[in-house]
Amino acid sequence: AKMVDKTMMGDKCAELVRAAVRASGLPSADTPYYPVVLRCDAATAVPAGRYVIDVRSGVPDELPTGVSETWLLSESGRAAARHNGGPTARVVPLPAPERDRVDLPTRKGARARHGLSDEFVVGAFADHADERRDNVLGLVTAFLAAFPDRSDVRLLISVSGAAAHPEAAERLRLATVSDARVLLVEE
């Protein structure tokens, strides 16, 4: 397996939260009007007496004040928030936004950055903090069993939490090191 660095995309957390709330059908507002406030920017002022839930794509450097809960997008983020001693931390999966079809030159550029040509690519996300539930080792085993002799197939796994969970990261690296068709992309 080959390990490459991945540049984080801009924070779209607020847009994803809005999409999830719209899909739920619950009444909502972009100002802190309701008694429960989902806040995606710590700089946003919230009137007193509100139940404030900070929604974060990563773990804040400083513990938030005046916050009842913190919602994070990954298990490794939740574990780090608990370690920091902050308020109740939960993992909340947000919807993947619909996107327009990617044009051919852009798609070819993205493939070239990861050393991929026209082969079929299976993609997955894995969080080392939640190794058992994600079962990325099971995915690798299934991929190798399904495509034992095919060179036209690749497995691309975007992984997070390696620094905080080096044992899980090493297990995955050892499970994939002997097959160049498996590409690990570290967030």
Side-chain angles (χ1 to χ4, degrees), residues 4-47 50-84 86-103 106-107 109-111 113-114 121-136 139 155-165 168-169 172 183-187:
V4 296
D5 288 327
K6 178 183 173 189
T7 303
M8 295 283 296
M9 300 172 91
D11 187 9
K12 304 266 185 198
C13 190
E15 293 172 29
L16 295 175
V17 169
R18 281 188 194 95
V21 171
R22 275 193 305 273
S24 75
L26 294 171
S28 66
D30 282 339
T31 58
Y33 172 78
Y34 292 102
V36 176
V37 176
L38 298 177
R39 183 173 68 176
C40 298
D41 180 1
T44 302
V46 178
R50 301 296 198 272
Y51 188 89
V52 180
I53 301 171
D54 266 356
V55 183
R56 298 278 173 257
S57 58
V59 179
D61 294 333
E62 296 178 10
L63 291 176
T65 58
V67 173
S68 304
E69 293 183 33
T70 303
W71 290 359
L72 298 135
L73 305 184
S74 71
E75 191 63 36
S76 60
R78 183 185 64 79
R82 282 188 174 169
H83 179 72
N84 290 343
T88 301
R90 302 178 195 285
V91 175
V92 178
L94 294 176
E98 288 189 34
R99 298 181 133 188
D100 292 332
R101 193 172 172 97
V102 177
D103 62 47
T106 303
R107 192 168 54 240
R111 284 177 164 274
R113 278 193 304 279
H114 294 295
V121 177
V122 177
F125 295 97
D127 185 348
H128 289 305
D130 206 9
E131 180 183 29
R132 293 193 196 289
R133 189 176 72 176
D134 285 355
N135 194 15
V136 70
L139 170 67
L155 175 60
L156 179 69
I157 305 172
S158 176
V159 294
S160 63
H165 304 278
L172 179 58
L183 177 65
L184 302 177
V185 179
E186 178 69 30
E187 288 188 16

Shortest non-hydrogen contact from Pro27 to Tyr34? CB-OH, 3.5 Å
Identified side-chain contact (heavy atoms from CB on, under 4.5 Å) counterpart of Val55 within the set Asp41, Leu72, Val17: Val17
Between Glu69 and Val67, what is the shortest heavy-atom contact and its length? O-CG1, 2.8 Å
Are the side chains of Leu38 and Val21 in touch, meaning some heavy atoms are under 4.5 Å apart? yes
Set of salt bridge (Lys or Arg N to Asp or Glu O under 4.0 Å) partners for Arg18, sequence neighbours left out: Asp30
Spacing of Thr88 atom OG1 and Trp71 atom CH2 [to the nearest 0.5 Å]: 12.0 Å
To the nearest 0.5 Å, what is the distance between NE2 (His165) and CG (Leu172)? 14.0 Å
Does any N or O in the side chain of Arg39 come within less than 3.5 Å of the main-chain N or O of Thr44, such that one atom is a donor and the other an acceptor? yes
With heavy-atom distances below 4.5 Å as the criterion, would you say the side chains of Val121 and His114 are in contact? no
Identify the heavy atoms of Arg56 and Thr70 that sit nearest to each other, and give their distance. CG-CG2, 4.4 Å
Would you name the heavy atoms of Ser160 and Glu186 that are closest together and state the gap between them? CA-OE2, 4.1 Å
